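Everything below concerns the one structure shown next.
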Amino acid sequence: MNLEHPLQDKEQVAPQNTSPSIWPVIQTWLGPILVILLTIVLLFPLGTLALELVSIDLDLWARMWDTILPRTLQNTLRLVVGVAVGTLVVGVGSAWLVTAYEFPGRQIFDRLLMLPLSIPGFIMGFVYVTIFEFAGPVQTFLRDQFEWGRGDYWFPNISSVGGLILVLTLVLYPYVYILSRSAFREQAANTLEAANVLGFGEWPTFRRVALPLARPQIAVGVLLVTMETLTDYGTVSYFGYPTLSERIVVLWNTSFDSAAATELASLMVVLALTLLFTERILRRQARFYQQGSFGRRMSRKTLVGPRRWLASLFCGLLLGAAFVLPVAQLSIWSLRRIREPTITVLSEPFIDYTFNTIRLGLIGAFFTVLIALVVAYSNRRDTIETAGRPRWLARLTTIGYAMPGAVIAVGVLTVVNPIDGAVTDFAVERFNYQGFGYLLTGTIISLIYGYTVRYMVLALDSIAASVEKVRPNMEAAARTLGANTRQIFYRIHIPLIRTGIGAGAILVFVDIMKELPITLLLRPFGMDTLAVRAHLLSVEGFHESAAIPALMILVAGLIPVFLLMQIGSNEE
Amino acid sequence: MSFIRIENVNKYYGKTHAVIDLDLEISKSAITVLLGSSGCGKTTTLRLIAGLEKPNSGHIWIGDQHVSGGNRWKSATERQIGMVFQDYALFPHLTVAQNITFGLTKQSRSVQKSRTADLLDLVGLMGMEDRYPHQLSGGQQQRVALARALAPSPKVILLDEPFSNLDASLRQTMREDVRRILHESEVTTVFVTHDQEEALRLADELVVMEGGHLMQTGPPEKVYQYPTSLSVAQFLAKVNVVPGYAAHGRVKTELGHLSLHNPALSGKVQVVTFPETITFASDPQGNATVTETCYFGFHQVVSLKLESGQIVQARTWSYTPITIGEKVQTKVELPVVAFTQYD
């Protein structure tokens with residue numbers, strides 16, 4: 001081809017510096033390095049605990065084995081199994097009803113059965129105990145009605161393992177419900193029709209086709225329930241039912257046996273990691289199972305006769321027990337408490353608790369979202385150079401979600417205590433410091449640190465998803481259209497990641513609002529949140545006073561559930 | 001007259017040498033198609049022209065502007081180039097009209113409005129201005145991407161495999177539409193594709209690349225009929241390659257004593273024959289046997305086994321009666337292209 005240039009302004013071709021400069025290397029590695037640093041900071045508390053197991057204190061374990069350990073483990077196992085079975089039956093059953101059948105109210109139940117997700121277990125717990133205990137309205141009514149006395153009748157004891165399992169099942173079944181419902185929905189009509197053609201009836205089709213196909217997602221749901229049960233502190237502590245998670249708080253906070261608490265916490269870390277790992281594997285499997293997602297959805301079978309009312313009744317009872325009853329009861333108590341403000345011993349400064357809660361929620365959400373943004377952008381795979389970046393790196397920062405709050409709190413304290421000690425020593429030596437305060441322990445800083453470790457996953461999941469919406473070619477297109485870096489940020493990035501940031505912030509905010517064990521262990525002295533107040537008041541039996549903060553938490557908790565419903569309806 | 005000039009450009013991604021010593025001139029107001037298989041460096045070349053990638057060495061001129069090389073560097077933002085991407089890269093949060101006016105921020109509202117109307121008319125999307133990208137079909141999104149790129153009246157427009165995500169029949173219509181729109185706009189166009197048919201159909205000037213190297217440039221019919229290398233010939237068409245011995249402007253092969261297109265050639269060569277240039281007639285003393293026919297409706301491709309066992313393919317009118325196992329005598333109508341064979 002002709003290589004002569006028709007243009008006159010031909011310049012001398014200057015020899016170019018082609019030796020590799022250090023800058024592109026830094027640019028390529030800056031992101032991963034940032035992510036690794038943040039991961040270290042976020043995993044430090046848990047890592048410290050895991051390391052405790054290396055320098056295992058056998059005497060301590062032997063002592064615990066002779067005292068609390070067998071019963072605690074037995075309790076934990078019994079609770080986990082009970083709740084897993086309960087949520088499995090209730091969650092899968094209701095999910096199958098609303099996806100496979102048409103009956104009165106189905107459309108409403110389809111959405112509303114998610115609502116109990118908004119209720120923290122400890123609130124459901126104290127509502128149920130207060131309603132169904134001996135002095136509660138139900139038993140009082142029965143006694144008045146039939147003129148029974150104590151011991152004249154049998155009534156199930158709500159303050160028992162059975163009651164606890166019931167309460168946690170009502171709170172946690174939505175996990176199984178949501179996941180198995182979406183699994184059933186994805187099943188193509190063809191698959192189920194094939195079973196029908198082969199002569200399978202309704203029940204065999206469910207048992208031998210639909211259920212096995214949905215198994216991976218159901219398993220993920222049950223696993224999430226198991227994690228939540230293991231990490232629960234508020235409910236078990238209200239029921240006075242010692243589990244691993246509850247013991248850690250008690251050992252640390254009441255018995256001041258930090259050594260034993262730390263050992264138990266390190267055991268929990270290993271346990272939680274195992275569950276988390278299992279969940280990852282199950283999710284990966286779930287992807288392979290979803291092969292029938294194309295094609296027609298299965299058509300719902302319209303129920304006739306008494307069966308349709310039975311279906312409505314089942315869903316209605318479930319929704320009533322898991323949502324309507326607690327909300328109604330809390331509303332009644334709150335109204336009563338507002339109308340007779342002087343009747344209780346404590347005059348509650350709810351404004352302060354609300355303010356504390358909102359402040360902690362906002363600060364926690366801010367930092368969590370900020371770190372999530374840095375991680376999401378640092379690990380972005382937007383150029384050929386960064387295409388090979390591993391996804392698991394960013395995922396590492398989210399392990400905290402599988403950990404009980406108590407474990408994270410203990411972890412944060414084991415990290416923060418030595419720093420405080422050193423700083424205080426230094427201050428005493430150099431400045432003749434006389435005070436009692438520490439730099440980090442018992443301050444908002446360690447509290448926020450704990451929240452960030454625990455709730456990172458909520459912010460990162462929604463933000464990373466929205467950052468991925470900004471495809472590299474969109475930026476390239478904007479640049480060819482004359483937009484500079486600043487304009488690309490304002491005109492492309494901000495509008496596209498705004499909702500992701502918002503959703504992440506709301507999720508973190510609401511979960512901080514509901515949070516108990518981290519707050520209890522790490523809060524500055526005298527700083528009460530709505531959740532702490534609701535918990536303490538309910539433990540002490542002031543259920544009417546507890547109802548107001550509980551209801552506020554519940555209402556806030558509805559926001560993310562509505563967000564979830566929105567996502568669900570967009571998928572349809 | 002050339003409008004874009006690329007001189008001795010090299011581009012590395014880590015250890016991968018994506019574009020090697022590239023010299024290329026791109027004509028004004030014409031469609032130049034960069035053709036090659038994936039990883040041949042064609043998309044990198046396009047991104048180098050756009051200013052989305054910086055070459056490791058070499059110079060690029062666009063119009064009378066020296067945009068890259070030495071200490072000169074103009075980024076994509078400053079180059080005033082329109083680009084259409086394989087995945088369209090429409091802004092999902094903006095409507096069709098807002099996507100089109102994205103690059104027109106400096107113009108007044110009324111200018112933006114009339115320009116949008118003109119472009120929607122040009123690409124045939126009138127009345128769609130308030131839709132969002134996700135409400136459009138693939139072909140419609142493609143048209144919006146083209147309108148958006150044309151909106152600021154760029155002197156150069158770059159298209160990176162724009163039709164690869166469309167189904168076959170839509171691709172056909174889009175190809176004709178885009179060719180018409182680009183010629184009407186008289187814009188200098190660089191079009192990247194891996195589809196030979198598309199390249200031949202669209203190109204005023206065809207550029208074939210392979211392994212980061214430029215292999216051949218020229219008008220499509222020239223490149224097709226007179227490839228300058230065996231790999232270009234094999235990439236552009238399903239050619240038959242038979243060994244031969246060249247001397248005095250002719251070449252001896254199993255297909256006969258053929259006249260050479262490059263008569264200077266001599267010695268052992270590889271001869272390229274197109275299926276459509278091979279004819280044959282029934283002949284019991286012929287040099288080949290029919291082994292298979294493939295019927296395409298408007299033509300058929302017949303496999304002929306030569307005495308050496310090599311199979312060549314001939315394309316014929318579909319109404320020619322053919323019997324499998326029949327002996328035939330082949331004939332090659334036109335001078336053939338051949339390349340020296342190095343053992």
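Labels below follow one simple rule: chain letters A, B, ... track the order of the sequence lines, proteins then strands, and each chain is numbered from 1. Heavy atoms only: backbone and side chains are in, while hydrogens, waters and symmetry mates are out. Quick caveat, the model's predicted, so the values are computed rather than measured.
With sequence neighbours left out, Arg79(B) forms a salt bridge (charged side-chain N to carboxylate O under 4.0 Å, His left out) with no residue at all. Every salt bridge (charged side-chain N to carboxylate O under 4.0 Å, His left out) that Arg471(A) has, sequence neighbours left out, goes to Asp87(B). Phe367(A) meets the ring pair (Phe, Tyr, Trp, His ring centres under 6.0 Å) test with no other residue; sequence neighbours excluded.
Note on Gly82(B), Ser75(B), Pro92(B): by heavy-atom pairs under 4.5 Å with chain A, the leading option is Pro92(B). If you tally non-hydrogen atom pairs under 4.5 Å between each of Ile81(B), Leu90(B), Thr16(B), Asn10(B) and chain A, the highest count goes to Ile81(B). In terms of heavy-atom pairs under 4.5 angstrom with chain A, the leader among Gly103(B), Ala151(B), Gly218(B), Pro152(B) is Gly103(B).
Here OG1 of Thr105(B) is found 6.0 Å from CD of Gln487(A). Values are rounded to the nearest 0.5 Å. For the atom pair CG of Asp160(B) and CG of Asn473(A), the computed distance is 7.5 Å after rounding to the nearest 0.5 Å. To the nearest 0.5 Å, the span separating CE on Met83(B) from CG on Leu481(A) amounts to 11.0 Å.
Ala50(B) approaches Thr480(A) most closely through the heavy-atom pair CB-CG2, 4.5 Å. Between Met474(A) and Phe91(B), the shortest heavy-atom distance links the atoms O-CE2, 3.4 Å. Scanning all heavy atoms of the two residues, the minimum distance from His93(B) to Arg491(A) falls at NE2-O, 2.8 Å.
Residues of residues 494-504 of chain A lying within less than 4.5 angstrom of chain B, judged on heavy atoms, are Pro495(A), Leu496(A) in numerical order.
Within the 4.5 angstrom heavy-atom criterion, no atom of Leu104(B) approaches chain A. Using a 4.5 Å cut-off between heavy atoms, Arg148(B) touches chain A through backbone and side chain atoms alike.
No more than 12 heavy-atom neighbours from other residues, nucleotides or ligands sit within 6.0 angstrom of CD on Gln80(B). Heavy atoms from other residues, nucleotides or ligands lying under 6.0 Å from NZ of Lys469(A) number more than 12. Heavy atoms from other residues, nucleotides or ligands lying under 6.0 Å from CD1 of Ile108(A) number 12 at most.
The backbone N or O of Gly482(A) sits nowhere less than 3.5 Å from a side-chain atom of Thr77(B) that would complete a donor-acceptor pair.
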